[in-house]
Number of protein chains: 2
Amino acid sequence: MTLRNETEVEVLSRVRPEKEEIDSICLVAEMLLNAVNESGTAKGMVVGSVARNTWISGDRDIDVFMLYPPEMPREALEEEGIILGRSIASRFGGQFVEKYAEHPYVNATISGFDVDLVPCYAVTDSARIQSAVDRTPFHTRYIQSRIGGLEDDVLLMKQFSKAGGVYGSDLMTEGFAGYLCELLVLRYGGFSALIEACQSWRAGQTIDIVGHQGKQFDDPLVVIDPVDPNRNVAASVSRAQMGEFIELCRGYSASPGLEFFYPPAKDGITRDEFEQILSLRGTGLYSISFATPHQIPDIVVPQLRRSSAGIASLLERNGFVVNRYSEAMGEDHCYLLFELLVDRLPSLYTRTGPPVDNAVNAGKFSEKYLNQKVFSGPFINPDGRYAVEIMRKWVDVYSLLASDDIFSARLGKHVMRSMKRKCDVRAGNDCWNDDFQEFLGAFFNKISSVGALKKE
Amino acid sequence: MTLRNETEVEVLSRVRPEKEEIDSICLVAEMLLNAVNESGTAKGMVVGSVARNTWISGDRDIDVFMLYPPEMPREALEEEGIILGRSIASRFGGQFVEKYAEHPYVNATISGFDVDLVPCYAVTDSARIQSAVDRTPFHTRYIQSRIGGLEDDVLLMKQFSKAGGVYGSDLMTEGFAGYLCELLVLRYGGFSALIEACQSWRAGQTIDIVGHQGKQFDDPLVVIDPVDPNRNVAASVSRAQMGEFIELCRGYSASPGLEFFYPPAKDGITRDEFEQILSLRGTGLYSISFATPHQIPDIVVPQLRRSSAGIASLLERNGFVVNRYSEAMGEDHCYLLFELLVDRLPSLYTRTGPPVDNAVNAGKFSEKYLNQKVFSGPFINPDGRYAVEIMRKWVDVYSLLASDDIFSARLGKHVMRSMKRKCDVRAGNDCWNDDFQEFLGAFFNKISSVGALKKE
């Protein structure tokens, strides 16, 4: 029996589902299972945290997989799966939608639960999976057979990660998936041991529970999937989020307060605060907003990241100095933010040419500038290259961002399309945007998890 | 017989000494030789361009070496050499000074000539030289025995290099020594051939006339000394000056005008021009001046270079953006000049700390800033390192340069001493200095040799 501190006892009393909740969720799950099995074509299986007894009280997600024979053709599986999903959804619920991951599935609201009905292949060996969803039943069986006695530890780990903003393997969060939380608890034998152990994690940390790693990964955290030697369960975890988690664990070890599980709500900043912060920092702020592309977040989010990085590097190439940048995806609009230390430059610009000993290009370069108006040159730099001082194309950031030159930045395809349709560039106080108050607050009051809590 | 173009014929008529000049120089040289030989202890030898018949008309330098037996102890050689030098100087001239290179020598004014009387060892094999001056007689013999018929070509090459500002192996010029000019003429068989050949020189160009290179050099131009396989005669030539020379040759090939031998005098700029240029460029100019250290130029010049580079890098470390910098050594004062694209910054400064997974330093870093007033942080950067936004120490270049922090730059020893005594920092129009008008002109109207001539 693990010793829990006061905080953990309190947290468990909040996150551990009561008998009533367990009974009601099991009832619905069984009803759905039976419905799948009755179909005669597929075998039903409940997967996810409900199947593993590791769901946080109040979670309303039930994942039901419909397992078909592996020799069934892919189209038949997709078609039959959708038909069965639809029929079950309409029989018990009413409201449902079809969604697409690697193949289509049905998402329905049944008895107040958010139910996914997902077709997959019932392969007998995880080495023979035909698509990523086929792996899920193996994960569930792996955890089910081992997690007994550690369910509370998984609940604590999940609530701790959620509170710290590092729970979830989606591209916006870049954090810890539920299955990863379970594996880590298994590996270290409990929540407290995990909290201790991870404080000495280093970049490239590798955890291989069953000792069957099949290839090298260069992710910051590597947790080899016990059911697949060639898969890193922690591939989604970014360097920064791994760092945040380590920070959280250090902070919790030092002072294990309830706020690590239930942090104060993060408020956005007001327009007044925004303007005060801006004037205090003395930096140049620029925003670009445009309509959110009609694509799923997993496509848009990486494109936003690439675009803001691309624009920041365009600014740097033009001699401006970027302090930081970020990006937010709203329902209607996306919002890129750039903070500059240097947003205005003298018109003098030094262009470097080929080395003098490159006879052909040397001639071209000096010819080109000998009859142009220049500040000075062409001359020869100490490194033996030609250089000439000419007029800078862009002397301020706003003009550059508002020009067509912005499209010479490396932008995501859909982001570029949306920006070309309409693109709103603003500077300074005008960057304020009601829809992104919380994002603006986080942008300026950036603080690491532990820092934030200690400062309270 | 080489074909000369009109320009070269004209140049030769100016630089080739007439019979009268030759006779008078020979007379003095012989007189000095005899005086050395009469001493009984040393054997006299005329070296340098006079001995090689390659002096430019009007040059007044006569180098007389006093060769002592190699078994004589070093101190005896220095003492006897100075005594003999002094006695000859006072016998024929009157005015003389003692100077120091690798060992002391006498510099005297005799019959209007600038005479060096230099003691050295009469070694029989250049591999056995005891100091660098012992090598000079070998150079003279090597050239004397081969240059016959190419003397005019050497004169053209010397005048061409002088006019282009690339003649001289001293550290300020970083150009072509007289001996190097002679070797290049020998290697290519004449001035015109040299002008053609060097246009296809590349960085690292190696010329090894006698094919006995004894080691690798990574200088931009490598000319193996025919009398020493381990010496690069062109070691003094910088990448930029090698480039200038190539440029000059290209320009002269394209349009062989007299201006390549007699360029228009470079005038300095006036104070008005200086202020106009400054306002046009829109950059920030800063100067530092201090008393010239009492050392020979070969010590001071490299220290000035290192110091201006060190200060430029200090400025860059503090976030400022340097366009270029230069340095000048005057008789009384030295003058460092820095031109900045960015000389003022917001007070916000991002300090990057250790990676989160460095547990010990991580704790120190976050502790340090958690109780300080910061703009934001500590937070975790995308690269997994801590960062914090604090107040910048220096928000403008002038304050930094005028503070003691300037001594944290990498400075030459004697420069640092002089600056610590008194150091005058100025900004903008106040940087004007009457003593450095020509230097200021060259600083701003920087132009490569060919460019300058074409633009006329």
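In this structure, chain B has no heavy atom under 4.5 Å from any part of A:Ile277. Of the two parts of A:Thr283, the backbone and the side chain both hold a non-hydrogen atom closer than 4.5 Å to a non-hydrogen atom of chain B.
Contact count versus chain A (heavy atoms, under 4.5 Å) is highest, among B:Gly384, B:Ala240, B:Pro355, for B:Ala240. Chain A forms more heavy-atom pairs under 4.5 Å with one residue of B:Val321, B:Val342, B:Asn358, B:Ile246 than with any other, namely B:Val342. Note on B:Glu389, B:Gln199, B:Met391, B:Arg344: by heavy-atom pairs under 4.5 Å with chain A, the leading option is B:Glu389.
Judged by distance alone, the side chain of B:Glu244 and the main-chain N or O of B:Gly164 form no donor-acceptor pair under 3.5 Å. Of the possible polar contacts, none joining the B:Asp343 side chain to the B:Val397 backbone as a donor-acceptor pair under 3.5 Å is found.
Contacts classified as salt bridge (charged side-chain N to carboxylate O under 4.0 Å, His left out) and involving residues 376-386 of chain B (residues at least two apart or in different chains) are not found.
Ring geometry for A:Trp201 versus A:Tyr188: interplanar angle of 30 to 60°, hence tilted.
B:Val301 pairs by the side chain to side chain contact (heavy atoms under 4.5 Å, CB included) definition with B:Leu171, B:Met172, B:Pro297, B:Arg305, B:Met329, not counting sequence neighbours.
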